[in-house]
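The chain is numbered in sequence order, starting from 1.
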Amino acid sequence: MILESFIVFFTRSKSWQMCWKETIFCISFSSKSKLLSSAAMTNSFVLLLFFLTFLEHGLFFQRVSSLGINYGQVGDNLPPPNKVLQLLSSLNINKTRIYDTNPQVLTSFANSNIELFVTVENEILPSLVDPQKALQWVTSRIKPYFPATKIGGIAVGNELYTDDDSSLIGYLVPAMTSIHAALVQTGLDKYIQVSTPSSLSLLQESYPPSAGCFRPQVAGVMMQLLSFLRSTKSPFWINAYPYFAYKDSPTKIPLDYVLFNPNPGMVDPYTKYHYDNMLYAQVDAVIFAMARLGFKDIEVGVSETGWPSKGDGDEIGATVANAAVYNKNLLKRQLHGEGTPLRPNMSLDVYLFALFNEDLKPGPTSERNYGLYQPDETMTYNVGLLSSSSTSSQSSTSTNSFMSITSSASTDIKEGNQRLIYLTCVYLVAIHMIIRRPY
């Protein structure tokens with residue numbers, strides 16, 4: 001029974017760590033209830049040895065359920081979608097965001113384990129305020145591919161409010177409402193969420209996090225948006241880049257603070273929460289801003305974050321070394337399932353920007369150099385994802401490197417797991433001795 005319970009827990013839990021803790025809880029509960037026999041306890045020790053053996057050989061691969069990657073396609077030399085699917089699958093990442101509803105991508109990703117977060121392009125947003133046009137969009141861009149292709153969310157526009165342009169933000173909530181109504185009409189609303197990624201320029205104040213508040217000129221739209229998100233149980237997505245803050249004030253903002261490196265951090269003077277990195281402070285500032293409008297129960301996720309590996313002369317900090325450190329440390333945090341100081345028990349969903357360097361993106365040099373990979377699928381830098389060779393003949397002739405999240409990024413987690421298992425052994429021995437005592 002213990003082995004069967006373990007298998008059930010393993011298949012249903014978010015990670016094997018949770019599964020292991022649940023198994024130990026069951027053993028403990030059963031022993032206290034005098035339901036666990038000596039034979040069953042012996043079986044549990046066999047299970048423990050089995051578990052240790054597989055852990056030592058790295059056969060339990062972690063799928064980071066809270067981590068996704070943005071798959072931008074603004075380039076003329078990117079690999080075809082089927083190759084991208086192979087790369088993402090080898091990375092053991094099961095979520096990606098695209099910036100349109102590219103039929104080639106949607107078709108290529110059919111019958112895979114990767115969930116897609118698709119996007120309504122900014123330029124067509126005004127037309128989708130019309131419910132009939134929104135229904136036509138859903139029936140032509142979403143329904144033909146679902147459920148073979150796992151479409152989990154629709155981003156209505158991207159960063160509709162910036163410091164330079166706010167002309168489209170008035171169309172946002174009406175378009176979201178029409179698209180959601182179309183999903184309801186087609187029976188897809190139970191499977192696909194509707195939201196929109198926003199930039200941090202929405203905030204009037206963000207420091208300290210407890211002072212977070214929205215700009216007065218968008219407060220009305222934010223009320224409508226947050227009401228919609230609450231009613232549909234959808235998250236509020238933000239594009240958060242600590243790099244920009246550092247680039248603008250490199251003498252005032254410690255580099256280690258924005259790179260997740262060990263540092264003294266800062267303490268919010270009002271909440272007394274300690275922040276050891278800027279990303280979590282930015283997320284909590286958004287949560288406080290929502291709370292000021294009366295919305296304390298909406299999940300916040302990071303739809304974009306990253307660090308450029310190359311920039312122009314005035315783009316301070318845009319280096320390969322800094323990009324590697326930022327993304328590697330972020331990956332470690334995601335492997336731990338961390339939350340922010342304000343919501344420590346809620347893991348933060350993050351989409352890393354980006355999968356590839358995109359050579360046709362406009363703007364400064366940094367805009368074309370956020371990718372973990374070059375267009376030929378070689379790594380721009382190593383974030384701790386371990387390269388391994390494919391066993392198939394097709395892969396052996398390819399220049400692709402297939403990855404698994406069994407790297408140095410999870411070294412500290414493995415050490416913690418080993419300590420947990422050691423304590424578990426002691427715990428099981430104690431239970432075994434208690435059970436064998438005569439009553």
Exceeds 12 heavy-atom contacts within 6.0 angstrom, atom CD of Q136
no
Whether the S210 and D268 side chains hold a donor-acceptor pair (N or O, under 3.5 Å, no angle test) is what I'd like checked.
yes
Indicate yes or no for a side-chain donor-acceptor contact from T319 to the backbone of N322 under 3.5 Å, with no hydrogens or angles considered.
yes
Close side-chain approach of L200 and Q282, heavy atoms under 4.5 Å:
yes
Student check: side-chain heavy atoms of V302 and D349 closer than 4.5 Å:
no
S231 side chain to F228 backbone, donor-acceptor under 3.5 Å
yes
For F260 and Y326, take the angle between the two ring planes, folded into 0 to 90°, and tell me which bin it lands in: parallel under 30, tilted 30 to 60, perpendicular over 60.
tilted
Do H180 and V184 touch side chain to side chain, with heavy atoms closer than 4.5 Å?
yes
Output every pair passing salt bridge (Lys or Arg N to Asp or Glu O under 4.0 Å) with a member in residues 222-243, not counting sequence neighbours, ordered by first then second residue.
R230-D297
Do I151 and V118 have side chains that approach each other closer than 4.5 Å (heavy atoms only, starting at C-beta)?
yes
Interatomic spacing from OH in Y161 to CG in L168 - rounded to 0.5 Å:
13.5 Å
Using modelled atom types and a 3.5 Å cut-off, is there a donor and acceptor pairing between side-chain atoms of D359 and backbone atoms of D76?
yes
So, do I98 and T119 sit near enough that their side-chain heavy atoms are less than 4.5 Å apart?
no
Search all heavy atoms of M290 against all heavy atoms of I298 and return the closest pair with its distance.
CE-O, 3.6 Å
With no hydrogens and no angle check, is any side-chain donor or acceptor of T378 less than 3.5 Å from a backbone partner on Q374?
no
How long is the gap from NZ on K247 to CG on D314, to the nearest 0.5 Å?
6.5 Å
Exercise: identify the closest heavy-atom pair between Y257 and A281:
OH-CB, 3.7 Å
Roughly how far, to the nearest 0.5 Å, is the CG atom of L293 from the CZ atom of F288?
14.0 Å
Donor + acceptor pair across side chains of S199, N239 (<3.5 Å):
no
Just checking, is any N or O donor in the side chain of N122 or N158 under 3.5 Å from an acceptor N or O on the other one?
no
Heavy-atom closest pair (V300 atom, R343 atom, distance to 0.1 Å) is N-NH1, 3.9 Å
Short question: side chain of S303, backbone of P197 - any donor-acceptor pair under 3.5 Å?
no
Distance, nearest 0.5 Å, that separates CG of L88 from CG of N94:
10.0 Å
Applying side chain to side chain contact (heavy atoms under 4.5 Å, CB included) to L330 and L279, what does each step give before you reach the verdict?
CA-CA 10 Å; L330 177 59; L279 181 66; 4.1 Å; yes
Do the non-hydrogen side-chain atoms of F356 and Y71 ever get within less than 4.5 Å of each other?
yes
Restricting to ring pair (Phe, Tyr, Trp, His ring centres under 6.0 Å), what partner residues turn up for Y99, sequence neighbours left out?
none
Report the C-alpha distance between W307 and V325 in whole Å, list the side-chain angles of each, state the deciding distance to 0.1 Å, and finish with yes or no for side chain to side chain contact (heavy atoms under 4.5 Å, CB included).
CA-CA 9 Å; W307 197 283; V325 170; over 6 Å; no
State which residues pass ring pair (Phe, Tyr, Trp, His ring centres under 6.0 Å) with Y191; sequence neighbours excluded, sorted by chain then number.
F146
Can you list the steps and then say if T101 with W137 is a side chain to side chain contact (heavy atoms under 4.5 Å, CB included)?
CA-CA 10 Å; T101 51; W137 186 88; 3.7 Å; yes
Looking at L135 and A182, what are the two nearest heavy atoms and their distance?
CA-CB, 3.6 Å
How about OH on Y381, more than 12 heavy atoms from neighbouring residues, nucleotides or ligands closer than 6.0 Å, or not?
yes
Indicate yes or no: at least one non-hydrogen side-chain atom of P362 is less than 4.5 angstrom from one of E367.
no
For F236, give me all partners under ring pair (Phe, Tyr, Trp, His ring centres under 6.0 Å), at least two apart in sequence or on another chain.
none
With distance as the sole criterion, is a donor-acceptor pair present between the side chains of Y370 and N70 under 3.5 Å?
no
Salt bridge or not between E304 and R97? Use side-chain N to carboxylate O under 4.0 Å.
yes
Test item: S234 side-chain N/O and S195 main-chain N/O as donor-acceptor pair under 3.5 Å:
no
Using side chain to side chain contact (heavy atoms under 4.5 Å, CB included), reason through T149 and L116 one step at a time and then give a plain yes or no.
CA-CA 8 Å; T149 300; L116 283 173; 3.6 Å; yes
Give a yes or no on whether the backbone of Y241 and the side-chain of T305 come within a donor-acceptor separation of less than 3.5 Å.
no
Between A211 and E205, the two heavy atoms sitting closest are O-CB, 3.5 Å
Quick one: does E315's side chain have a donor or acceptor within less than 3.5 Å of a partner on D312's backbone?
yes
Name the orientation class of the two ring planes belonging to Y351 and W237 (parallel below 30°, tilted from 30 to 60°, perpendicular beyond 60°).
perpendicular
With salt bridge (Lys or Arg N to Asp or Glu O under 4.0 Å) as the rule and sequence neighbours excluded, what pairs involving residues 276-285 come up?
D276-R333
How close do I93 and G68 get, counting heavy atoms only, and between which atoms?
CG2-CA, 4.2 Å
Would you find more than 12 non-hydrogen atoms of other residues, nucleotides or ligands less than 6.0 Å from K361 atom NZ?
yes
Would you tell me whether Q73 and N102 have side-chain atoms, one donor and one acceptor, within less than 3.5 Å of each other?
yes
Please determine whether a side-chain nitrogen of the Lys or Arg among R368 and E358 lies less than 4.0 Å from a carboxylate oxygen of the Asp or Glu.
no
For atom CD of E121, is the number of surrounding heavy atoms from other residues, nucleotides or ligands below 6.0 Å larger than 12?
yes
From I192 CD1 over to T232 OG1, what is the distance, rounded to the nearest 0.5 angstrom?
13.0 Å
If we ignore hydrogens and angles and just use 3.5 Å, is the side chain of S127 paired with the main-chain N or O of I124 as donor and acceptor?
yes
Distance, nearest 0.5 Å, that separates CG of L172 from OG1 of T196:
5.0 Å
Pair Y275 + Y280: ring centers closer than 6.0 Å:
no
When you compare the side chains of N261 and D256, does any donor N or O come within less than 3.5 Å of an acceptor on the partner?
yes
According to ring pair (Phe, Tyr, Trp, His ring centres under 6.0 Å), who are the partners of F295, at least two apart in sequence or on a separate chain?
none
Would you call E338 and L348 a side-chain contact if the rule is heavy atoms closer than 4.5 Å?
no
When you measure from the side chain of T96 to the backbone N and O of I69, does any donor-acceptor pair fall under 3.5 Å?
yes
